[in-house]
Structures are given as structure tokens and as C-alpha cells.
**Q** 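Below is the structure I would like to discuss, written out as C-alpha cells.
Reminder, nothing fancy here: chain letters follow the sequence lines and each chain counts from 1.
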Amino acid sequence: MVSETETVNENEERKLKFGLFLGCNITFNRPDVEQAMRKIFPALGVELDDLAGQSCCPTWGTMPSIDDVGWCAVAARNLCLGEEKGIDLMTACNTCYASLNEARHKMLKNPEIMNSVNEILAKIGRKYEGKAKCRHVTWVLYKDIGLEKLRESIKYTLDGLTIAVQPGCHFLWPSEVYPDREKDPFNPVVLRELCEALGAEAPYYTKLIDCCGIGALRSTDPGKSFALAKDKLECIKEELDADLIVAGCCSCMIQFDDVQDKLRKEGKINFSIPVLHYVQLLAICMGFDPQQVAGICVTPRDEIIKRILEGGKR
Amino acid sequence: MELAEEGVPPVINLTELAEKEKEEFEEKVSELIIEFGAENLMACMQCGACASICPLARTGFEWYNKKLIKAILVGMREELLDDMTPWACVACNRCTEICPRNVTPFEVMLAMRRLMVEDFALPTLTIEGLRSLYEHGHAVYMTGREARKKVGLPEKPPTTDSDEKALQELKTILKNTKLAELGLIPME
Ligand code: SF4
Ligand code: SF4
């Protein structure tokens, strides 16, 4: 029986290689996050495979809301694209991370589901064995590449900057289904340490693990979603007076980027804190073109990027 | 257990069920929620741990995890029929992590959605997402490609969007799931 944390591929001995799982939001809304990954990983010695023909993970409002087998079948097809090449998938989106790994967990736990899924997959000539899983970019950078190598790879440091980190819900819970786990999933430190490795301060703050409010909550009741995000933003402002918000999840990043603009226009907040995905921040520090790796936003990033590039040269 | 496999649509219609005797409704609803994935429903002791950290409870939704479980266990018909709270659940699984009885409250929210789907009680956005998943392989899909061009990426991503064979594979999969049985979206 394959377990959640077991490593499938022979990555350990070979050159690191992952299937770049894009999902929907990164592909169409924030392709600068895709571009950031395409720049940083090869530069860090990690080979990327396109996983040609990949689809939506599937996200919560689709197949998971219908039944387990359909959910797992769509997820399994995506996982197969890696498994057939002997590699794991890697994502910068927490929803993809959770949907794929929860589906895998269900299939490993319940042979009935696994069998039903493979009956469906047989119709397209595929079979999922439960080996390939989906890794999170945050964990790959932290564990497989390591803080030391990140420190060596950057051209610009973040000395003097204070970052509010946003790991995001689906990076943490349910910890049981994930290949990598924080020691205490209610007090995550990995993203903080990754930011500190670039020279910034990334302190704890009271609402660090709060939900950003995007997804189903936002589509069902935007007002409640914005209120939740506002609470967290105010906490970030008051407790940390952060220069930057850094998310490990593309959806959280979109939410805080987007909502600040809406709240400002409604006169509900009077500040503006730029928001980046960690892979974008790292890409900027490594010297890649900010237009390509962080060029799409609603809340302006120009000033912070300028400050990094002018102030932080090593 | 799996409906997709048997190919027989189950006799589940919350509206019809609500017309039955209260006891029958009560019993049947719990049964269905368990069948639809919330295996440990009955273990709930209403301690409220899940509610204490649920974003839905915090933002003022009426039927968040603990309360929804109670409503199911005591068979509160109107509440179960009309409320859209399950569709607001962000799937964060804080509740799963913290529940001392291994109830996986998130699975209860999800099972409730699955039950509502039988009644076609689902948000328009959800139907659109399903349709988009079937037609493009992406629940979130955009025809405009300015963003991709702007950051120097090919307009077509290496997904089902640029791969007809892959899209057909996905369609074949979807046609063999419960989604097809329910007939929620056109699947030619
Ligand atoms: S935490 Fe578990 S046992 Fe407690 S109310 Fe929630 S579901 Fe029930
Ligand atoms: S998974 Fe849903 S029910 Fe559970 S805590 Fe998150 S939002 Fe609440």
C-alpha cells in the first residue's frame, strides 16, 4: 500500500523533476505565476515537465460536489500524466494541491473508489496506481531545494522589509492527506522561513491562519467574503505594518490583491499593501524580469519592486 | 455504494422526502448524508469545536458545520431545503482537522451539496463551472489571452485547451460519472 508521504519517483537520486500542474486560475488569470515557476525552477536545477493535456484539478464546486468517484476520476487522470513519467506533480495553487491530494487519499483509503476510478480510466487507456501525488511549490522549495540554496541563488535581498505571510487553508488542512506537513498545522512556519531566507522579517500575527475568503464563500456572498478579507488585512496593517503580503496560494494572492482595491474604492480601508505569490517574490529576487514574473495585479507593486531592485542588491 | 457504477439513479428527492412523515424524513436524510460520503455523521457530539474556527460561522452564515449536522440529525426540513450555506463552504477542512470525533464535518457539507444536486438545488455558477469543465477542461476559463501574452507565454497553455485528444479523454471520463446520470449539463 502506498502512503500519502511516500516518495514515488526516484527523484532522490536523479535530477529533481516535476510535472508543472497549472490549474485554471494561474493559467488564465495570473499567468505571471506560471512564468515565475518556469523561470525559477530550471535556474535552481529542477526540470519541469508540461504534463501536456492536463485539466482542472477538479475544483470544489465541480465534481467534488457531485460524488467521490467522479472527483477522483478527473484527479486521477491528471495524476496519471505524472505517474506515467515516473514524476510527481507540483502546484502553486492550494485548491489544486488539496483536490488532487484529497482525491488520492480517498483512493488509497478506499479500494472500491480506486477500482471504480480505474474502470473509468480504462476507457481512455489509463490506469492510476496511487503513486504520483501533488507537491506544493512551497514545500519543494523548502525541503527539496532548501533555504541555503535559495540564499545563494538570489541577486537581491529583502533586508529591512516586513512580510505578512498567507500560507492558505489548503496548504495546512486536513494535514492527513498531504505529502508534507507542518509540525503544528495551526502554527505554520514554512512560508515564514522561506521569506526570512530572502532577508525579510516574516513575523507571526494573530490572523496568520485565517481564511482569505475567496472561492465558494465569495461567489455565494461577496459582502461576507470581503468582510473576512478586510479583518485580516487590518490585522496585517495594525500588527505588522507589513510592506508586503506573500501568499503560498494563487487564489489567496488574487483575493488580497483584488479586495484591497474594492475596499479602498468603497472607502473601507485607506492603505495599500502589495501582494505577491512566493514564487514571484523569489523570481524577482533571483533577477528575473518583474514584468514577466509579477506583471499582473490590481494593487500596485511598482514601488515595492523598485525598492527591492534598488535597495537590495547584494 | 457507487451510483455511477450501478447506473441507476437513486430515488432521492429532498422535496418529495420532505412531504413524508417527520420520522421517516429524519432517518432517511441522515442515511443519505452518510451514503453521500459523511461516514462518521453519527459520531458528532455537538461540541462546537468545528464551529469555533469555521469561516462560515464567523461571517454569519446560518447553517455552518455544527448547526447543519444538528439540522440533519433532527430532520429540520425547511432549513435543509432552502439554505445555500453548504455552497459557501470553502472546503478549508479546519473542521476536519479539529474535530475530536473524526466526523469530517466538511464531508457533511459536501454530502449536503450532493443531496441538493439531486434536487437541482445548486447555484447557477456551479452549473456554469461544470459546463466549462466539460467543454474546455477548465472550470475557470477565459477566452481572452492578453494576460498570457503580456507575460511572454504562449497564448495556448499546455492543457486540454490546446489538446483535443486530452479534452476528449476528459469528456469520456465525465460521461461515465454521476454527472452524466444527473443530466445537469448538456454532454453531447
Ligand atoms: S467538532 Fe466534530 S463532534 Fe464537535 S460539533 Fe463539530 S462535527 Fe460534531
Ligand atoms: S470546510 Fe467548510 S464547514 Fe469546515 S471549517 Fe471550512 S468552511 Fe467551515
**Q** Answer yes or no: are there more than 12 heavy-atom neighbours, outside A/K268 itself, under 6.0 Å from its atom NZ?
**A** no
**Q** At what distance, to the nearest 0.5 angstrom, does OG1 of B/T172 lie from CZ of A/R77?
**A** 9.5 Å
**Q** B/R114 and A/D68: side chain to side chain contact (heavy atoms under 4.5 Å, CB included), yes or no, with the steps?
**A** CA-CA 10 Å; B/R114 292 169 180 180; A/D68 278 347; 2.8 Å; yes
**Q** If every non-hydrogen atom of A/L217 is compared with every non-hydrogen atom of B/P55, which pair is closest and at what distance?
**A** CD1-CB, 4.2 Å
**Q** Between B/E97 (side chain) and A/S175 (backbone), is there a donor-acceptor pair under 3.5 Å?
**A** yes
**Q** At their closest point, which heavy atom of B/T126 faces which heavy atom of A/G61, and how far apart are they?
**A** CG2-O, 2.9 Å
**Q** Can you tell me how far CG of A/D50 sits from CG of B/D163, rounded to the nearest 0.5 angstrom?
**A** 11.0 Å
**Q** Side chain, backbone, both or neither: which part of B/L125 has an atom under 4.5 Å from a heavy atom of chain A?
**A** side chain
**Q** Who wins among A/P64, A/C57, A/G295 for the most heavy-atom pairs under 4.5 Å with chain B?
**A** A/P64
**Q** Considering only heavy atoms and a distance below 4.5 Å, find which of B/P158, B/G137, B/P123 pairs most often with chain A.
**A** B/P158
**Q** Contact part of B/L182 toward chain A, heavy-atom cut-off under 4.5 Å: side chain, backbone, both or neither?
**A** side chain
**Q** In Å, rounded to the nearest 0.5 Å, how long is the span from CD of B/E181 to CG of A/D67?
**A** 8.0 Å
**Q** Under a 4.5 Å heavy-atom cut-off, does chain B meet the side chain of A/L20, its backbone, both or neither?
**A** neither
**Q** Side chain, backbone, both or neither: which part of B/E107 has an atom under 4.5 Å from a heavy atom of chain A?
**A** side chain
**Q** Specify the closest pair of heavy atoms between A/G23 and B/H138, including all atoms of both residues, with the distance to one decimal.
**A** O-CE1, 4.0 Å
**Q** Looking only at heavy atoms and a cut-off of under 4.5 Å, which of A/Q292, A/R38, A/R30 has the most pairs with chain B?
**A** A/Q292
**Q** Determine whether more than 12 heavy atoms belonging to other residues, nucleotides or ligands lie under 6.0 Å from atom CD of B/E27.
**A** no
**Q** Taking the side chain as everything from C-beta on, heavy atoms only, tell me whether B/K175 gets closer than 4.5 Å to A/K123.
**A** no
**Q** Using every non-hydrogen atom in the two residues, find where B/L133 and A/M63 come nearest and quote the distance to one decimal.
**A** CD2-CG, 3.9 Å
**Q** List the atom of A/G70, the atom of B/T177, and the distance in Å for their closest heavy-atom pair.
**A** CA-CG2, 3.6 Å
**Q** Using the side chain to side chain contact (heavy atoms under 4.5 Å, CB included) rule, take B/K150 and A/D32 through it: C-alpha gap first, then chi angles, then the decisive distance, then the call.
**A** CA-CA 9 Å; B/K150 186 184 169 206; A/D32 48 349; over 6 Å; no
**Q** Is there side-chain contact between B/V90 and A/R218, with heavy atoms separated by less than 4.5 Å?
**A** no
**Q** Are the side chain of A/S55 and the backbone N or O of B/T160 linked by a donor-acceptor pair below 3.5 Å?
**A** no
**Q** Using heavy-atom distances under 4.5 Å, tell me whether A/T62 contacts chain B through its side chain, its backbone, both, or neither.
**A** both
**Q** Of the backbone (N, CA, C, O) and the side chain (C-beta and beyond), which part of B/V117 lies under 4.5 Å from a heavy atom of chain A, both, or neither?
**A** side chain
**Q** In the structure I gave you, are the side-chain heavy atoms of B/L184 and A/I66 within less than 4.5 Å of one another anywhere?
**A** yes
**Q** Is the shortest side-chain heavy-atom distance between A/E34 and B/V151 below 4.5 Å?
**A** no
**Q** Checking heavy atoms, do the side chain of A/A73, its backbone, both or neither come under 4.5 Å from chain B?
**A** both
**Q** Highest number of heavy-atom pairs under 4.5 Å with chain A: which of B/S162, B/S132, B/A147?
**A** B/A147
**Q** Side-chain contact, heavy-atom cut-off 4.5 Å: B/R58 with A/D210?
**A** yes
**Q** Sort out for me which of B/G37, B/G60, B/P86, B/G129 touches chain A most, counting heavy-atom pairs under 4.5 Å.
**A** B/G60
**Q** Given a strict heavy-atom distance threshold of 4.5 Å, which part of A/L81 is in contact with chain B: side chain, backbone, both, or neither?
**A** neither
**Q** Could you tell me which portion of B/L122 (side chain, backbone, both or neither) has an atom closer than 4.5 angstrom to a non-hydrogen atom of chain A?
**A** neither
**Q** Output the option from A/K224, A/Q35, A/E102, A/R126 having the highest count of non-hydrogen pairs under 4.5 Å with chain B.
**A** A/K224
**Q** To the nearest 0.5 Å, what is the distance between CG on B/N176 and OG on A/S116?
**A** 11.5 Å
**Q** Of all heavy-atom pairs between A/C211 and B/R94, which one has the smallest distance, and what is that distance?
**A** N-NH2, 2.9 Å
**Q** Rounded to the nearest 0.5 Å, what separates atom OG1 in B/T159 from atom CZ in A/F21?
**A** 9.5 Å
**Q** Let me know if A/T59 has heavy atoms under 4.5 Å from chain B in its side chain, its backbone, both or neither.
**A** side chain
**Q** Of the listed residues (B/I173, B/L179, B/I127, B/T96), which shares the most heavy-atom pairs with chain A below a 4.5 Å separation?
**A** B/I173
**Q** Is any side-chain heavy atom of A/W60 closer than 4.5 Å to one of B/C89?
**A** no
**Q** Select, from A/S225, A/P185, A/C169, the one with the greatest count of heavy-atom pairs under 4.5 Å involving chain B.
**A** A/C169
**Q** Looking at A/W173 versus B/F106, is the centre-to-centre ring distance below 6.0 Å?
**A** no
**Q** Roughly how far, to the nearest 0.5 Å, is the CD1 atom of A/I124 from the CD atom of B/Q168?
**A** 11.5 Å
**Q** I'd like to verify something: which residue of B/M142, B/E169, B/R113 has the highest number of heavy-atom pairs under 4.5 Å with chain A?
**A** B/E169
**Q** Mind ranking B/L174, B/L167, B/I98, B/L130 by heavy-atom pairs under 4.5 Å with chain A and telling me who comes out on top?
**A** B/L130
